[in-house]
Amino acid sequence: MSSADTIRFKGYRGDFEALKASFTQKIASTIPATDPRSDQRKLLTNQVLRELEEADELVAQMEAEIAPLPRSQQTALASHVRSCKEDVRRARKELEKATVANERLLLLSSPAGRGRDGDLEAATQDQRTRLLFGTERLQNSSRRLEDMQRLALETETVGVGTLNELNNQREQIVRTRETLNRADSWVTRSQNVLMGMQRELTRQNVMTALFILFLIAMIVLVVYFKWFRTY
């Protein structure tokens, strides 16, 4: 894992822990302490839902960071990702329980014939909350997209550098092969020269041997005619 990848993973983990602290506090204490009939309760619930969505996105980012790593490094970090997933799952379950309990309480304790004005105000507040939620999700998605684009650019830069290095190595291999071919050509020429010299030396040895045999024959003939023919 590169240092940039480590920094990004730690950044996502830190953002998740901050979100976890926020939605855990809201679910455990802030929401239960709010009037079930108030719009503030609904606003807090929507905020928690939004934070859980952001937490899911952060978990996805952490999974994307560890996906290309070797298995040995994935194992060390996958436990953190699983723990984050479990935190989000438990938080959703607790929020669902709180929501169901709140709806039951409202059903049992709400006065009959609640005016339309209150319903309209609640609907307006809900729409406003949903609009804010959608805007923040869009901003978060844009930030995630920028992170992915930056990661893609970094990966592309590394890939271009690797291709250039491979191209340089290929050129070195080609030059080395050409040098070896030239050396092989010189070795072949040297072998031909040595073989020619060996043939010439053999021919000279044969000629020398024949000349020596000729001299011996001449000496024998001279001795023969000089010593034996005179008698």
Side-chain angles (χ1 to χ4, degrees), residues 1-17 56-86 140-231:
M1 187 182 233
S2 66
S3 59
D5 294 334
T6 304
I7 292 173
R8 280 195 296 269
F9 185 87
K10 289 182 177 179
Y12 295 142
R13 183 69 189 277
D15 292 342
F16 179 86
E17 292 298 332
D56 284 333
E57 293 180 1
L58 288 171
V59 170
Q61 289 293 334
M62 286 188 282
E63 288 180 332
E65 288 295 327
I66 67 174
L69 298 179
R71 184 170 297 275
S72 59
Q73 294 180 339
Q74 285 185 3
T75 303
L77 297 177
S79 60
H80 297 294
V81 178
R82 287 194 298 269
S83 176
C84 293
K85 285 184 175 180
E86 182 62 21
N140 292 331
S141 299
S142 300
R143 181 169 60 85
R144 301 286 185 261
L145 181 60
E146 290 176 356
D147 291 339
M148 295 299 294
Q149 289 177 342
R150 183 170 60 254
L151 178 61
L153 289 175
E154 292 176 358
T155 304
E156 181 181 1
T157 302
V158 173
V160 170
T162 302
L163 289 177
N164 291 334
E165 183 66 24
L166 291 175
N167 187 47
N168 293 333
Q169 292 179 1
R170 178 180 177 276
E171 293 178 355
Q172 292 178 358
I173 292 173
V174 170
R175 288 195 296 268
T176 303
R177 183 179 299 172
E178 292 176 353
T179 302
L180 290 175
N181 290 334
R182 288 196 297 269
D184 185 64
S185 176
W186 282 105
V187 169
T188 302
R189 292 181 183 180
S190 300
Q191 288 177 346
N192 293 333
V193 172
L194 290 175
M195 291 177 63
M197 293 175 63
Q198 185 176 6
R199 287 194 296 268
E200 181 66 21
L201 180 60
T202 302
R203 188 181 66 82
Q204 291 180 0
N205 289 336
V206 171
M207 293 296 295
T208 302
L210 291 175
F211 182 71
I212 292 173
L213 290 175
F214 176 74
L215 290 178
I216 293 174
M218 291 299 296
I219 291 172
V220 170
L221 287 175
V222 170
V223 171
Y224 174 77
F225 283 108
K226 182 175 182 180
W227 295 96
F228 294 98
R229 293 295 298 270
T230 55
Y231 294 101

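Here the structure is a predicted model, which is why all the values come from computation and not from measurement.
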### Nearest-0.5 Å distance, CG of residue L201 to CG of residue L194
12.0 Å
### Query
Taking side chain as C-beta onward, heavy atoms only, is E86 less than 4.5 Å from R82?
no
### Task
Give, for atom CD1 of I216 and atom CG of L221, the distance between the pair rounded to the nearest 0.5 Å.
12.0 Å
### Task
Please round to the nearest 0.5 Å and tell me the distance separating atom NZ of K10 and atom CG of L77.
10.0 Å
### Query
Quick one: CD on Q172 to CG on N167, what's the gap to the nearest 0.5 Å?
10.5 Å
### Query
Side chains of E200 and Q204: donor-acceptor distance under 3.5 Å anywhere?
yes
### Query
Should R13 and H80 count as side-chain neighbours, where that means a heavy-atom distance under 4.5 Å?
yes
### Message
Is it the case that the side chain of T202 and the backbone of Q198 share a donor-acceptor pair, with hydrogens and angles ignored and the cut-off at 3.5 Å?
### Response
yes
#### Entry: R175, CZ atom: more than 12 neighbouring heavy atoms under 6.0 Å
yes
### Query
Does the S185 side chain pair with the main chain of N181, one donor and one acceptor, at a distance under 3.5 Å?
no
### Message
Would you say that D184 contacts L180 through its side chain, given a criterion of any heavy-atom pair below 4.5 Å between the two side chains?
### Response
no
### Atom pair CZ/OG1 of R203 and T208 - distance to nearest 0.5 Å
9.5 Å
### Query
Which pair of non-hydrogen atoms, one from L58 and one from F16, has the smallest distance, and what is that distance?
CD1-N, 3.5 Å
### Message
Could you measure the distance from the CE atom of M218 to the CZ atom of F211? Nearest 0.5 Å is fine.
### Response
10.5 Å
### Query
Looking at C84 and V59, what are the two nearest heavy atoms and their distance?
CB-CG2, 3.9 Å
